[in-house]
Chemist: 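Before anything else, here's the structure in question.
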Amino acid sequence: MDESVLAAEHTPQPGGKTLLEQARADAERLGNDPVDVAEILAIQSFMGFDE
């Protein structure tokens, strides 16, 4: 993986979280919201990523 990508993943963003920490928080929040889950599944299906 490119070093700039690795650095960006661990660089604090506004709010003090790294990209990885923010992604984990977003995933947890989205996983607990049935409307968001349905929207994500619809987008994945539209893009051909449905399981």
Side-chain angles (χ1 to χ4, degrees):
M1 187 175 285
D2 187 321
E3 286 182 30
S4 63
V5 172
L6 291 174
E9 290 175 348
H10 299 286
T11 302
Q13 302 298 306
K17 293 185 177 180
T18 67
L19 289 176
L20 290 176
E21 290 168 335
Q22 185 62 51
R24 285 185 188 106
D26 290 345
E28 184 176 326
R29 179 181 50 80
L30 292 172
N32 293 325
D33 186 334
V35 173
D36 283 336
V37 171
E39 184 176 346
I40 290 168
L41 292 174
I43 292 168
Q44 288 177 340
S45 178
F46 176 78
M47 294 178 71
F49 295 119
D50 53 340
E51 297 180 66

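All values below come from the heavy atoms of this structure, side chains included, with hydrogens, waters and symmetry mates left out.
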Chemist: What residue among Asp26, Leu20, Thr18, Leu19 forms side-chain contact (heavy atoms from CB on, under 4.5 Å) with Gln22?
Modeler: Asp26
Chemist: Check whether any side-chain N or O of Glu28 sits under 3.5 Å from a backbone N or O of Ala25 as a donor-acceptor pair, and report yes or no.
Modeler: no
Chemist: Who are the side-chain contact (heavy atoms from CB on, under 4.5 Å) partners of Asp33, not counting sequence neighbours?
Modeler: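 Asp33: side-chain contact (heavy atoms from CB on, under 4.5 Å) contacts with Val35, Asp36.
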Chemist: Under a 4.5 Å cut-off applied to non-hydrogen side-chain atoms, are Leu30 and Val37 in contact?
Modeler: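 Side-chain contact under 4.5 Å: no.
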